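First comes the structure, then the notes that go with it.
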Amino acid sequence: MSEDKRDDKIQHGIDDDPNNDPEKARNLGAAGGAVTGAVAGSMVGPVGTVVGGVVGAVAGGLGSQAAVNEVDKHDNDDTITGLGKGKTEDVENQIDRKTHDNND
């Protein structure tokens, strides 16, 4: 989460940051695509490994970014799953509350 942003005590997805989801997906998709492409290309030889890695990175990055961009238009950024209505309380707040409730 950005340092200049105050904690609103809502869990915004797994990383608690509702911003830049398509860009995060592009980076993860590119990494996964590079590995998958390199493995597939290695069946052809060393050049295939390099070409497969590059093509896989580009395809994985762009595909992931496009998919998440579309989903991001419709999901609920105030829940951990992105589904449903309402809000999910921050995980650390849930832990604090349960810890304090058990100690009373």
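Values reported hereafter were calculated over all heavy atoms of this structure, with side chains retained and with hydrogens, waters and symmetry mates removed. Model, not experiment: these values are computed from the prediction. The residues of the chain are indexed from 1 along the displayed sequence.
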Distance-only donor-acceptor hits, side chain of residues 32-43, under 3.5 Å, sequence neighbours excluded:
{"from": "T36", "atom 1": "OG1", "to": "G32", "atom 2": "O", "distance (Å)": "2.9"}
{"from": "S42", "atom 1": "OG", "to": "V39", "atom 2": "O", "distance (Å)": "2.6"}

Let me check something: any side-chain donor-acceptor pairs from residues 48-61 under 3.5 Å, sequence neighbours excluded? List them with distances.
{"from": "T49", "atom 1": "OG1", "to": "G45", "atom 2": "O", "distance (Å)": "3.2"}

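For the pair P22 and Q65, the tightest heavy-atom approach, listed with the atom from each and the gap, is O-CG, 3.5 Å. Closest approach of G29 to S64, counting heavy atoms only: CA-OG, 3.4 Å.
Once rounded to the nearest 0.5 Å, the distance linking CG of D21 with NZ of K73 reads 13.5 Å.
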